[in-house]
Protein chains: 2
Amino acid sequence: MTALHLKTAEIEKATHSDFFNIAVSVDCVIFGYAEKQLKVLLIKSDLEEFKGMWSLLGDLVRINEDLQEAPYRVLLDRTGLKDVYLEQVHTFGSINRHPSGRVVTTAYYSLINLCNHQPKQMENEVHWHPVNEIQKLAFDHKLILDTCLAQLREKIMEHPIVFNLLGEKFSLRQLQDLYEAILGVELDRRNFRKRITLKNWLVDLNEMEEDVPHRPGKLYKLRTQLKKEYQVAQKQNLEGTLV
Amino acid sequence: MTALHLKTAEIEKATHSDFFNIAVSVDCVIFGYAEKQLKVLLIKSDLEEFKGMWSLLGDLVRINEDLQEAPYRVLLDRTGLKDVYLEQVHTFGSINRHPSGRVVTTAYYSLINLCNHQPKQMENEVHWHPVNEIQKLAFDHKLILDTCLAQLREKIMEHPIVFNLLGEKFSLRQLQDLYEAILGVELDRRNFRKRITLKNWLVDLNEMEEDVPHRPGKLYKLRTQLKKEYQVAQKQNLEGTLV
DNA sequence: ATACATTATGTACTTTAAACACATTATAGC
DNA sequence: GCTATAATGTGTTTAAAGTACATAATGTAT
């Protein structure tokens with residue numbers, strides 16, 4: 001008879017470490033976008049075994065918080081961002097994935113608007129890294145990053161989620177640059193425009209780009225309806241620095 | 001400073017229950033196919049709180065096994081099947097999802113050939129249930145089932161995985177019945193044939209159905225190449241009862 | 001033999017995707 | 001101011017894939 005089929009009274013009598021012998025953590029692949037590059041927020045690992053290497057932001061799940069709330073807490077603590085877009089991707093649980101003990105970790109990726117949020121990010125050895133320049137990371141975090149990136153790539157053509165990486169207003173060129181940065185391929189400008197406009201995700205703002213060294217493009221925003229559904233207002237920043 | 005950033009020496013000094021206070025389990029949504037219905041293998045819950053209700057097959061992850069091995073062990077123990085097709089879907093970790101304590105569970109679905117494997121299944125209050133007749137289950141298992149079914153539905157048109165639910169040889173009608181059972185919709189026979197044959201998944205065996213009360217259809221099998229990639233030989237049964 | 005059910009195959013129409021051409025509107029240099 | 005340049009905005013053409021629907025072929029049952 002296995003532990004899960006014990007009755008409550010029995011499970012309480014059992015030795016604590018019989019059941020609670022694996023730690024549970026979350027790791028966040030925090031994606032940002034700047035300089036036409038997809039970036040990920042990393043922290044210097046302070047474990048001896050991974051001295052000098054970079055790792056994802058993560059933490060143990062607390063006894064009094066839901067699993068799905070843990071990544072929100074990690075993001076709030078480390079970046080000051082609230083209500084970001086988060087998606088669970090996969091749970092990694094190889095025996096020796098963490099040198100300090102048995103830790104099973106659930107990976108989430110999040111999409112945040114890098115432009116609006118510079119202040120808190122540089123503290124504590126936390127830095128943005130271009131995704132395609134990352135060769136290896138501490139723990140199994142490179143695998144986790146690759147898994148999250150693959151899932152992100154699969155999702156972006158069907159669901160309007162990349163707008164979490166952009167400002168409120170953007171041109172189609174900016175949007176295409178973003179898609180190209182994520183997918184790692186070049187896209188045909190005319191076909192891209194057609195695919196996007198057919199999805200009816202965007203609203204033409206009847207405004208033009210300003211201060212660009214070429215012919216200004218029209219500005220668009222994500223439809224309000226979809227914004228509610230797929231995009232999360234970054235309240236903290238909206239009430240502060242944002243337009 | 002959080003636990004994950006403690007150095008190894010420090011983590012060992014800390015109280016055990018500071019870190020290992022959440023149990024980790026796996027739950028398996030075991031899909032089978034019979035009588036033109038998609039079925040799932042369930043067990044009678046023996047927890048007081050869910051007396052008389054059905055639940056998924058699951059177990060705590062052991063300290064000396066990888067997370068991804070745990071569902072294989074559960075399937076081997078409960079059904080006797082080895083090398084089945086398994087896919088991780090999602091991890092559920094709400095605080096109160098398990099009445100006996102804090103348990104985070106990772107859900108997997110598996111596809112097994114129900115025809116080849118009758119012997120061990122009936123022991124221990126384990127039964128097959130038609131998926132579309134299931135109203136509620138113990139714990140959050142109905143949510144887990146729905147999540148796995150949704151993921152299965154998304155995957156089957158792009159990846160040749162449903163063949164794990166069928167025997168070696170099958171007619172296009174049998175294959176269509178299976179797709180209809182999984183998707184819960186009726187499909188046009190002629191268009192279905194076209195879509196499947198365009199994918200180049202099948203090999204025409206130049207054999208016909210036998211003992212059917214109508215005109216026999218051609219028999220096909222999954223291409224060997226794909227079988228290696230997506231389908232796992234059910235060794236135990238292949239060496240025993242199977243053709 | 002005939003009626004009937006099921007398999008097997010084909011055709012026309014629509015939608016989607018890919019490759020490519022051209023006109024428009026701004027900046028920059030002269 | 002004029003022109004070259006570079007980016008934006010809008011097409012067309014062609015092929016591929018998806019949908020709706022029709023017909024012929026092959027078996028069983030009466």
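Per chain, numbering begins at 1; letters A, B, ... match sequence-line order.
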Map every base of DNA chain C to its dot-bracket character, where paired means a Watson-Crick or G-U wobble contact with both distances under 3.5 Å and | marks a partner outside the strand.
||||||||||||||||||||||||||||||
Check this for me: does any side-chain nitrogen of one of A/K227 and A/E168 sit under 4.0 Å from a carboxylate oxygen of the other?
yes
For B/R173, which contact category applies under a 4.0 Å heavy-atom criterion: base, sugar-phosphate, or nothing?
sugar-phosphate
So, B/F92 versus B/F139, ring centres under 6.0 angstrom or not?
no
Residues of residues 196-207 of chain A with any non-hydrogen atom less than 4.0 angstrom from an atom of DNA chain D: list those, numerically ordered, please.
none
Reference residue A/L56; test side-chain contact (heavy atoms from CB on, under 4.5 Å); the match among A/V29, A/I30, A/V26, A/L41
A/V29
Whether B/K36 and B/E180 form a salt bridge (side-chain N of Lys/Arg under 4.0 Å from carboxylate O of Asp/Glu) is what I want to check.
no
Would you say NZ of A/K169 has more than 12 non-hydrogen atoms from neighbouring residues, nucleotides or ligands within 6.0 angstrom?
no
For B/S55 and B/S45, which I'm curious about, is there any donor-acceptor pair between the side chains at under 3.5 Å?
no
B/W54 pairs by side-chain contact (heavy atoms from CB on, under 4.5 Å) with which of B/H141, B/H129, B/K136?
B/H129
Result of checking A/V131, A/I112, A/L114 against A/F31 for side-chain contact (heavy atoms from CB on, under 4.5 Å)
A/V131
Could you list where the contact with chain B starts and ends along DNA chain C, reading 5' to 3', using a 4.0 Å heavy-atom cut-off?
C/dT6 to C/dT11
Using a 3.5 Å cut-off and no angle test, enumerate the donor-acceptor pairs between side-chain atoms of residues 211-225 of chain B and protein atoms at least two apart in sequence or in another chain.
unit_1	atom_1	unit_2	atom_2	d
B/K218	NZ	B/D204	OD2	3.3
B/R223	NH1	B/N200	O	3.0

Just verifying a value: how many Å separate A/K199 NZ and A/L202 CG, rounded to the nearest 0.5 Å?
11.0 Å
From CD (B/Q176) to CZ (B/F192), nearest 0.5 Å
5.5 Å
Treat primed atoms plus P, OP1 and OP2 as sugar-phosphate and everything else as base, then score nucleotides 20-30 of chain D 5' to 3': B for base contact with protein heavy atoms under 4.0 Å, S for sugar-phosphate contact only, - for none.
BBB--BBS---
Can you name the salt bridge (Lys or Arg N to Asp or Glu O under 4.0 Å) partners of B/D140, sequence neighbours left out?
B/R97
